[in-house]
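We're numbering straight along the sequence, starting at 1.
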Amino acid sequence: MHQMTLTELARGLKAGDFSSRELTTSLLDRIERLDGNINSFITVTREQALAAADAADAARAKGDDRPLAGLPLAIKDIFCTQGVRTSCGSKMLDNFQAPYNATVIEKLQAAGMIGLGKTNMDEFAMGSSNESSFYGPVRNPWDETAVPGGSSGGSAAAVAAGFAPAALGTDTGGSIRQPAAFCGITGLKPTYGRVSRYGMIAFASSLDQGGPMARSAEDCAHLLGAMAGHDLRDSTSVARVVPDYLAELDTPLAGLKIGLPKEYFGDGLDSEVESAIREAIKVYESLGAKVCEVSLPHTHLAVPAYYVIAPAEASSNLSRYDGVRFGHRCDNPVDLEDLYKRTRAEGFGDEVKRRILIGTHTLSEGFFDAYYRKAQQVRRLIRQDFLDAFDEVDVLMGPAAPTPAFDLGAKKDPVSMYLQDIYTIAINLAGIPGISVPAGFSGKRPIGLQILGQHFAEGQLLNVAHQFQQATDWHRRSPTDQETN
């Protein structure tokens with residue numbers, strides 16, 4: 001069962017091939033047996049999961065026909081889950097149990113889904129490799145000497161390793177799409193505002209967006225339909241009707257106009273990654289799509305603009321962790337200043353401290369206009385680049401990351417790590433949706449194709465991704481294929 005997609009498992013439950021209890025137990029046992037090497041979970045909620053599975057089986061016996069009822073899910077440890085530790089991968093929140101559920105958790109529970117536990121992540125979602133977690137690095141199931149990507153590396157690894165058929169991730173600058181690419185799964189970052197951020201612990205509020213991670217685009221369509229929607233508790237949530245994403249999946253691609261941004265195929269792109277992306281484009285041409293080159297002229301400014309805006313927002317958001325109300329508190333503070341200083345010094349890791357310092361500096365008097373305001377002006381130019389490109393084409397395609405997954409410990413220089421997000425960051429600055437789908441390998445390490453669409457065009461992206469997956473089998477491959485146990 002661990003090799004089946006979410007869609008296939010839904011059919012199996014409906015047909016009575018197995019119960020939710022049997023499925024959930026099988027996955028929990030697999031996590032217990034094999035996750036010691038991968039470290040994809042921080043917390044496993046066995047008792048709660050089995051109780052929810054029993055409830056789902058009882059409801060199904062009474063005629064419950066909700067399509068996702070009884071299906072297991074892994075949850076990135078950035079979403080608040082009532083009564084369960086929500087750590088954000090940080091010592092600062094190691095002892096924090098959320099008193100409420102995030103809106104996304106409420107929605108998926110209402111759909112009948114079962115949380116298996118909370119997945120590992122870069123601390124406060126700050127990273128591209130899942131090496132900055134207080135709970136240790138996550139390893140890539142395809143090659144345990146490699147990183148799984150970040151910050152949603154635990155979620156990506158859990159799906160790839162067959163611990164869960166689907167997972168929740170968050171994407172601030174590529175943190176769903178890049179780990180999806182590194183782990184050979186499908187990951188969707190929705191349009192900013194499409195999925196509620198209420199109860200999703202903030203890193204950079206104008207950039208963060210939750211989204212689904214699974215084996216296939218069809219699975220992501222199921223999940224997004226349950227996750228998306230307006231939420232009065234989130235002021236950035238968009239009041240817009242959620243379409244039936246499954247209804248669009250089988251639309252033929254004849255006449256689809258694909259744009260290839262020339263800036264995504266220049267220096268710094270690994271040759272094997274480029275070759276895999278070019279081959280994927282040929283598949284689309286065989287399906288009737290038309291391909292042309294386009295330009296996103298301000299792409300080179302995306303990384304510097306992001307690393308002004310995101311740390312500035314992080315500096316503000318993380319100021320709440322002071323040892324007074326919740327989270328880590330230093331021992332025996334002598335006064336309030338000592339409490340603040342030692343609590344934050346002890347509770348935050350190096351990468352989080354680095355970004356807080358950068359953000360505080362850029363927001364300080366004398367530097368706000370020179371850095372933060374200028375970065376926001378650049379952000380507007382980047383957004384306009386995408387709008388102009390979509391006047392010519394329907395979707396954009398390119399690599400999700402410049403290289404395949406790199407070795408654990410290989411990138412000790414923060415700047416080289418930041419450049420891993422060069423193809424993903426601009427999408428968050430513009431607020432548009434993007435999806436990464438498996439498109440090949442470099443040795444045994446996966447390569448991801450990134451597909452970008454116009455605001456609220458998730459249905460089209462899922463359709464374009466699904467049609468590619470109907471014509472290829474990259475998404476069907478798994479590091480568990482050769483398992484004997």
Tell me yes or no: between the side chains of S129 and Q420, is some donor less than 3.5 Å from an acceptor?
no
What about the rings of Y321 and F96, do their centers lie closer together than 6.0 Å?
no
Does S87 use its side chain to pair, donor to acceptor, with the backbone of L93 at less than 3.5 Å?
no
Is it the case that over 12 heavy atoms from other parts of the model lie below 6.0 angstrom from the CG atom of D473?
yes
Any salt bridge between D94 and R85, counting N to O under 4.0 Å?
yes
CG (N140) and OG1 (T145) are apart, to the nearest 0.5 Å, by 8.5 Å
salt_bridge(D35, R139) N-O dist < 4.0 Å:
no
Between R329 and N95, do the side chains contain an N or O donor and an N or O acceptor separated by less than 3.5 Å?
no
Between R11 and T5, does any side-chain donor sit less than 3.5 Å from a side-chain acceptor?
no
Any non-hydrogen side-chain atom of I176 less than 4.5 Å from a side-chain atom of Q209?
no
Donor + acceptor pair across side chains of S205, N317 (<3.5 Å):
yes
Taking atom OH as the centre, does Y307 end up with more than 12 heavy-atom neighbours from other residues, nucleotides or ligands that are less than 6.0 angstrom away?
yes
Verify the distance criterion only: is there a donor paired with an acceptor across the side chains of Q178 and S436 at less than 3.5 Å?
no
Could E8 and R215 be called an ion pair, given the rule that one side-chain N must be under 4.0 Å from one carboxylate O?
no
Give me the atom names and distance for the closest heavy-atom approach of P72 to L27.
CG-CD1, 3.7 Å
Over all atoms of both residues, closest heavy-atom pair of S128 and D122
N-OD2, 3.5 Å
Do you see a donor-acceptor pair shorter than 3.5 Å between the side chains of R60 and S20?
no
In plain terms, say whether D407 and R445 are close enough for a salt bridge, that is, a side-chain N and a carboxylate O under 4.0 Å apart.
yes
Check: R66 side chain, A110 main-chain N or O, donor-acceptor pair, under 3.5 Å
yes
Tell me whether T119 contacts the main-chain N or O of S40 through its side chain, where contact means a donor paired with an acceptor under 3.5 Å.
no
Residue pair S151 / K76, side-chain heavy-atom distance below 4.5 Å:
yes
Counting only heavy atoms not in K411 (residues, nucleotides, ligands), do more than 12 fall under 6.0 Å from its NZ?
yes
Given the rule in the side-chain contact (heavy atoms from CB on, under 4.5 Å) test, do I105 and Q82 qualify, once you have shown the distances and angles that lead to the verdict?
CA-CA 9 Å; I105 302 301; Q82 187 172 11; over 6 Å; no
Using modelled atom types only, decide if a donor and an acceptor are shared between the side chain of N39 and the backbone of N120 within a distance under 3.5 Å.
no
Please check if any side-chain donor atom of T170 sits under 3.5 Å from a side-chain acceptor atom of D208, or the reverse.
no
Can you classify the ring geometry of F182 versus F406 as parallel (below 30°), tilted (30 to 60°) or perpendicular (above 60°)?
perpendicular
State plainly whether the residues E123 and R354 are in salt-bridge range, i.e. N to O under 4.0 Å.
no
Which residue in the set I427, L429, I422 passes side-chain contact (heavy atoms from CB on, under 4.5 Å) when paired with I425?
L429
d(R342 CZ, D338 CG) to nearest 0.5 Å is 4.0 Å
Heavy-atom side-chain proximity of R240 to H230 below 4.5 angstrom
no
